[in-house]
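These notes concern the structure reproduced below.
Here is how names work: the chains are called A, B, and so on, in the same order as the sequence lines, proteins then strands, and each is numbered from 1. Computed from a predicted structure; not experimentally measured.
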Amino acid sequence: MRLSNSFIPTLKEIPSDAYIPSHQLMLRAGMIRPLGAGVYSFLPLGYRLVKKIIEIIRDEMDAIGGQEFHLPALNPLELWEETGRAKDFGDVLFHIKNRPLVLAPTHEEVIGYIASNHIKSYRDLPQIWYQIQTKFRNEPRPRSGVIRGRQFLMKDSYSLDATWEGLDRSYELHAEAYKKIFTRCGLRFFVVGASSGAMGGSASQEFMIESQSGEDTCVRCDNCGYAANLEVAQSNVAKPQRDGQSNKLKEIYTPNVRTIDELKSFLNVDERLLAKSLIYMKDKTPILILMMGNDQLNESKLQAVLGADVRPSVPEELKGLTGADAGSIGPVGLNDQLPEGTRFKIIVDKRLEGANNLISGANKNDYHITNIDLQRDVKVDGYYDLRIVQAGEPCPSCGKPLRIVNAIELGHIFKLGTKYAESLDAYFLDEDGKEQPIIMGSYGIGVERIMACHIEQSHDKHGIIWNKALAPFHVHLILLNANNEKVVSTAEHLYEKFQEALIDVLYDDRDDVSPGFKFKDADLLGMPLQVIVGKKNVDSGKVEVKERETGKRKLVELGKIVHYVEQYIES
RNA sequence: CGGGGUGUGGCGCAGCCCGGUAGCGCGCUUGGUUCGGGACCAAGAGGUCGCUGGUUCAAAUCCAGUCGCCCCGACCA
């Protein structure tokens with residue numbers, strides 16, 4: 001492609017709205033332009049890249065037996081009401097104003113609808129159906145360029161299986177395909193166990209890259225490779241020892257002590273003796289949660305235990321429920337305030353399991369109770385892992401210190417189970433002639449995130465550094481002296497030769513910009529190789545080759561340059 | 001949705017506090033000179049200062065409202 005009549009509007013200056021490197025560079029390299037918040041136009045260079053990424057994804061999806069669909073973005077609202085997700089998505093779902101239609105944010109519903117009409121026998125299964133299409137989500141706050149947009153490209157696939165073992169197989173196939181896809185795209189990624197969230201289902205893993213700009217938080221162990229989303233991450237943090245004997249309960253006067261830190265310094269005791277109380281509500285049932293010391297409650301873990309509809313209590317509720325304000329609440333004598341027949345559910349973080357001689361609130365402002373034995377004094381409804389892992393805590397599998405990092409989610413795989421089949425009436429007859437719901441899995445990849453993440457991981461102060469698989473062009477051919485006939489004819493000749501050799505070449509044949517300008521543009525656009533044709537070397541029958549990644553330059557004889565580039569691409 | 005910022009030619013910004021003919025750099029057009037790291041000279045084109053209303057003889061500037069965009073948070077299947 002000739003740069004002289006291409007539309008690749010590069011920018012010298014950084015657009016003021018862009019903060020993260022990938023966003024800045026995608027704008028500067030003329031790949032995208034914003035149209036509204038979270039909505040981007042892909043310009044020719046950017047779209048070329050999109051197509052390359054899609055090609056890689058398609059290749060690997062086809063390799064595991066995936067069949068590509070093209071599905072409507074316009075979905076009947078009714079279909080989304082059947083699965084209950086019109087409500088679950090809430091404001092994130094775009095609604096069409098003048099028809100009862102929604103813009104699909106994902107396609108389980110449509111897939112389930114098609115399956116319910118056509119998959120009638122176990123003989124029709126398994127199936128892997130996928131699509132690479134635009135999805136719409138009314139994100140409350142789009143950000144980071146294309147990383148979180150309101151309209152974005154997603155590869156979504158859906159597995160349909162007759163058995164749970166089949167689902168495991170489909171899930172594994174996707175996990176392997178995803179590793180191949182991200183590896184081919186040259187990304188340094190890691191896989192984490194994740195919460196399946198409101199999507200439902202049993203297992204789920206996320207494919208992440210570490211990045212300061214990431215919206216997810218993950219725990220990683222550099223020693224053994226343990227990695228988990230903070231939502232589900234665990235650590236091998238020490239538990240307090242149970243004392244030999246439990247002392248007698250005693251009320252102590254703690255004026256104006258509200259926080260664990262204040263209590264700790266007021267009493268001058270080890271934080272591990274303190275049990276922090278948190279009050280949550282599920283419907284009308286109050287729930288007391290005990291955490292050790294200043295351990296932070298992980299609400300994702302709490303939701304996994306109690307369901308998604310738990311909420312923190314508001315300060316006004318506390319006094320009526322417990323008789324005290326926040327900071328003075330505890331498990332002993334807790335139900336005294338409540339009317340007959342209602343009582344608190346008490347759940348305790350595992351770290352406190354079996355603990356005794358603990359100090360917690362007395363349900364009376366300015367008082368705490370000491371020597372609490374959870375076994376003796378409290379009717380505990382259950383012990384669960386509820387705490388947020390902190391950086392530096394020991395890895396649960398090898399004991400080395402954990403790191404906590406920000407990460408960008410590139411892909412997510414779910415074992416969905418039968419939820420959608422049941423609500424959409426997608427049943428088949430098994431070998432015994434018995435009706436069974438189709439067992440589904442769902443597997444997504446953010447296409448734009450691949451490009452953004454690659455740039456995040458591969459750029460320098462001059463611009464983007466593409467790897468060979470993603471580079472929109474293999475070679476950036478630079479004509480330096482457009483006024484010199486011999487240089488021009490050499491460059492033109494090379495341009496033809498590259499094309500004949502089916503090498504993707506971007507040819508900077510502009511006659512109205514200076515050499516420096518062309519070099520800057522070439523570094524910004526970041527093709528793996530630059531072939532520089534200038535009069536300095538043409539006279540001796542040579543051209544200069546610069547590798548973008550290393551900046552290494554080399555003189556290559558004219559006659560050998562096509563072969564040289566071919567070899568470079570294949571290596 | 002809460003907090004903060006911002007809106008002035010295609011891009012990046014100054015001017016606003018203290019009201020009085022709208023400015024700079026880059027880019028763009030024409031001509032000329034240049035040609036290995038974002039060239040130079042000359043002459044040009046291009047702006048209802050986001051929008052609406054108010055105050056004033058006079059508003060980019062002061063006041064009120066409103067919209068867009070960005071950042072932090074909440075949220076994030």
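Using C1' as the reference atom, B:A64 and B:U56 are 16 Å apart when rounded to the nearest Å. As rounded to the nearest Å, B:U52 and B:C67 have P atoms that lie 15 Å from one another. A gap of 24 Å separates the C1' atoms of B:G5 and B:A22, to the nearest Å. Comparing B:U8 with B:U61, their C1' atoms sit 11 Å apart, to the nearest whole Å.
Position along RNA chain B of the nearest nucleotide to A:Ile14 versus A:Gln530 favours A:Ile14 as the more 5'-ward residue.
In this structure, A:Arg137 is not positioned above the aromatic face of A:Phe152 in the sense of NZ or CZ being under 6.0 Å from the six-membered ring centre and within 45° of the axis.
Stacking between A:Phe517 and B:G38 is absent: the ring centroid is not both under 5.5 Å from the six-membered base ring centre and under 30° in plane angle.
Here the rule is side chain to side chain donor-acceptor pair (under 3.5 Å) with A:Glu544, and of A:Arg553, A:Lys536, A:Gln530 only A:Arg553 fits it.
Salt bridge annotation for A:Asp309-A:Lys282: present, with a cationic side-chain nitrogen under 4.0 angstrom from a carboxylate oxygen.
Look at CG on A:Asn481: it is 13 Å from C1' on B:G37, rounded to the nearest Å.
Checked against the 6.0 Å centroid criterion, the rings of A:Tyr443 and A:Tyr158 do not qualify as a close aromatic pair.
The pairing partner recorded for B:G2 is B:C72, the criterion being a Watson-Crick or G-U wobble arrangement whose two distances lie under 3.5 angstrom.
In the set B:G38, B:A77, B:G36, B:G36 carries the atom at the smallest distance from any side-chain atom of A:Leu480.
Neither OP1 nor OP2 of B:C35 sits under 4.0 Å from any side-chain N or O of A:Asn484. Not one side-chain nitrogen or oxygen of A:Arg143 sits closer than 4.0 Å to the OP1 or OP2 atom of B:C69. A close approach under 4.0 Å does occur between a side-chain nitrogen or oxygen of A:Ser16 and OP1 or OP2 of B:C13.
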